[in-house]
Each structure stands twice: as C-alpha cells, then as structure tokens.
Amino acid sequence: MKRLGSFVLAAAFASLLAAAPARAQEKLEIFSWWAGDEGPALKALIDLYAKQNPSIEVINSTVTGGSGVNARAVLKTRMLGGDPPDSFQVHAGQELIGTYVAANRMEDLTSLFKSEGWTKQFPPGLISLLSAKGGIWSVPVNIHRSNVMWYVPENLKKWGVTPPKTWDEFLATCQTLKGKGVQNPLALGENWTGIHLWESVALGVLGPEGWSGLWKGTLKMDDPKAEKVWETFGKVLDCANPDASGLSWQQATDRMLKGDAAFNIMGDWAAGYMATTLKLTPGEGFAWAPSPGTGGTFMMLSDSFGLPKGAKHREAALKWLRLLGSKDGQDAFNPLKGSIAARLDSDLTKYNAYLQSAAKDWKSNKVVGSLAHGAVAPESFSSQFGTVMEIYLAGKSPKAAASAARAIADQVGLGK
Ligand code: GAL
C-alpha cells in the first residue's frame, strides 16, 4: 500500500511537471551568409556567446552564397514579411542605410555605442559610414580589404614573373604567362566577383580621388576616364578563365593555388580561406600585393550586424551586439576571418603575417570604400550595377556600359 501510494504520488508529480508550461528557453537567431568555408570565424563568436550566455540557444541561420547575393534576397522577404531575424549581417554603409534604415525598420544603436565606449573605440571614418539620420545603425565586426591580388610565390618564380604594379604591367605579364602555357593567368569566379574585379580596375585606372569622385558625383559615370575603366576591364577579362560564371570565389582561389592561374583578385576573406580552411602559411603557401595600380590605397568594407525593429529576442540580440563590438569578440573572430578588427585596440599578436600587413596599410594608406560590398553607393545603384555589367559583357562596348551606368546614377540621384 505504501509502495502504491508513493507510486501514485510520483505519477501525479510527473503529470504536473508535464502539464507545467516548459520554461521558455531564451533564443537568439542570427542571420548571415557565412556558411561552409566561411563559417569558422562566425563559429568562434557563437562559441564565445554560448559560453557567456549558457541559457540562450543560438540559431545560426545562414544562406550560402559569396558576398551575400542570396542572403540579401531572403532577408528582404523576412523583413518585409514582419519576421526579422534578431540580428543580421549587413555591410556597413549604404547597404543598410539606403534600405532598412530609410524604411525605418532598424533600431538606432547610438546609446549602445555610447554605453560601450565605441564612439572612441572605432575609427571616426567608420562611425560616419554607419551613421545617418542622426543615428548609428549597426555594429562593425571587422575591416576587410577589397583590392588585393593573391598569388603563389613559388609559381611566379617558376614562370619568371613578378606581381605587376600597374594594369599595363598586368596585361604584359598576362601575355608572358600565356606564352608559357598559362592559358588563363587570372582566376575569376561567378558574377559578383566580376564586379569585385571591376572595382579594383577602376581604382587602379582612376586613382583614389577619381574613384571617390564617382560616388560624390564629381566624376560622371560616362566621363572618358570612366569609359577607360571599361576598356581596361575588357582587356583584363581576356586574361581570365571563360568558365568564370560557374565558379564560387573559393573555386577561383583554388585555381590560382593549383597553378592553373597565376593571380586572383579577391577580398581578404580569401586569406581567411587559405589560412584557416586550407591551413596555408601566409607568405609561403600564398602571398599578396595590392591589386595593380592601387598601391597606397586601401579599399575597405566592413561587415556589421544591426538590430531590426520587432526582433523577437531583443535582449539576447543586444548581448550579441555587445560581444561583436568587444575586444575579445573581435580578436576571436578576425584572425580566422581574414579581416582586421574594426576596433583600434586589437591585439595584433593574435593575427597572422598577412593581417599584420593589412593592419599597417589600414593605418597608413588612403582609405576608399567598396562598391561591390555596400560601402559607397546606395542600394538603388549597386543593385542595378549587375545590369550594367551584363550590358558590357553582351556587347563589350565601354561606351554603352559607361552610359548605362550614368543613366542609373542619374535615376537614383547619385552624389545628390
Ligand atoms: C563579402 C563579405 C565578407 C565575405 C565575402 C565573401 O561581402 O563582406 O565577409 O563573406 O563577402 O562571401
């Protein structure tokens, strides 16, 4: 009887437990395009977050596709459908300001910047890139460089060439390499990497003032100098693999590493891929130079995370943002990512030889912003630039491309 009594009691207790609403576990959903090969740096941050917040379950939503080409479309559907992730990756600058800030969908993070002391910890130029309408709109986790040319030192030695310093030199080197049996000296990938290449060509042809002039509206998109960019771009494309559109950026980098190509022009997430994923030693397994004609200029972009209005787990998202902006967070993420910290006080001993050289250039070079990665132009322009590229590729006419770019610039009021 006694045994039966305690059994009944235990059963009643168990059913009570089952009936009680499960204590809602706290969650945090972050959204980015850092999947697969791009994942290790993000994972380091998530691990740190989980350690600091053991009761919060992190949902890591990723949409694969370099440069966010696919993620942005999914994000748009979610934002418009009233189902924002708690925090999402977005390039610092116009990519966020011209879209969700303009549409009043983001929380102003100024008070967070003040309480964390970030207004002094991040460079003033970066803060102004993140600012508009009297607010600061996202937390920068890194600084990436767009204008980098990668190569394998041993291969160049074998072919008897050195990294070209101007686009003219590049074209001459390209012919030399073709003569030595390297059919496609430049490794190129899918569409957006063509725009990425274009911005390096443009910076090299126009110089930093000319480049910035395009975005201020002081140099028109159909100016003869801008037309010259397309002309040079066409010649550079003749040095690239014809199957580019079928390759991810990593596959293009692989071609260069395997010696099928001599050079690859890509942002320094390629250094993250080569050092973190492929475990190559910077300076040995791969080396780097500013893309031709751009020595002394650092074309920057920055990955950041924002807080959408209506985030379901706002407090957890604020903790995420605090971690992203912290010294520990930045120094855990960036050495793996192939980027340098956005903060001014990072511990450079944690960074490899490539990143140390990037940090030096970031301090001493002229800094300009990237078109392909959301820094300089409003979304309304950059989202249509793919069409300009298609026009160029279809007819190979610099004039047609330049005037299409001008028409879009006028339509969106670029520089106004
Ligand atoms: C960039 C982004 C980098 C890297 C790269 C390739 O736009 O800023 O962090 O992810 O795309 O996907």
Side-chain angles (χ1 to χ4, degrees), residues 30-46 60-75 87-96 99 126 129-130 138-148 150 187-200 244 247-254 264-278 291 298-306 324 329-330 332-342 354-355 358 362 368-377 379 382-383 385-386:
I30 49 167
F31 182 93
S32 77
W33 61 86
W34 290 329
D37 287 334
E38 296 217 66
L42 179 62
K43 184 171 179 303
L45 265 183
I46 293 175
N60 182 18
S61 302
T62 54
V63 177
T64 192
S67 185
V69 280
N70 305 322
R72 266 190 292 281
V74 175
L75 179 67
S87 185
F88 60 84
Q89 177 193 0
V90 64
H91 289 125
Q94 290 300 322
E95 190 173 300
L96 180 64
T99 52
L126 182 59
L129 190 63
L130 301 162
S138 59
V139 179
V141 65
N142 66 3
I143 300 291
H144 265 308
R145 186 175 192 173
S146 164
N147 60 320
V148 195
W150 308 97
L188 188 65
E190 60 185 312
N191 294 8
W192 70 267
T193 73
I195 298 176
H196 187 102
L197 173 64
W198 185 87
E199 71 182 9
S200 261
L247 303 186
S248 66
W249 67 263
Q250 291 96 327
Q251 288 171 321
T253 306
D254 289 343
N264 176 223
I265 288 175
M266 189 36 62
D268 48 13
W269 41 92
Y273 172 58
M274 291 185 277
T276 306
T277 307
L278 304 180
S291 48
F298 191 116
M299 183 180 269
M300 65 78 67
L301 59 121
S302 167
D303 292 304
S304 69
F305 280 74
L324 286 187
Q330 304 223 333
F333 176 84
N334 288 302
L336 299 172
K337 183 66 173 71
S339 40
I340 52 173
Y354 166 72
L355 291 167
W362 170 241
V368 298
S370 156
L371 162 70
H373 306 278
V376 282
E379 251 282 304
S382 52
S383 62
F385 194 73

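Positions are given from 1, in the same order as the sequence printed here. Computed from heavy atoms alone, side chains included, the values below leave out hydrogens, waters and symmetry copies. For ligands, and for the atoms within them, numbers begin at 1 and follow the listed sequence.
Between V69 and W33, every side-chain heavy-atom pair lies at or beyond the 4.5 Å cut-off.
In this view, H91 and E95 satisfy the side chain to side chain donor-acceptor pair (under 3.5 Å) rule, not counting sequence neighbours. Shown here are the side chain to side chain donor-acceptor pair (under 3.5 Å) partners of E199, two or more places apart in sequence or in another chain: S146, S370. Scanning for side chain to side chain donor-acceptor pair (under 3.5 Å) contacts around T253 gives N264, with sequence neighbours left out.
Listed here is the closest heavy atom pair of A375 and L129: O-CD1, 3.6 Å.
Near ligand 1, heavy-atom contacts under 4.0 Å come from W33, W34, E38, G66, S67, H91, H144, W249, W269, L301, D303, K337, H373.
With hydrogens and angles disregarded, no donor-acceptor distance shorter than 3.5 Å links the side chain of S200 to the backbone of L197.
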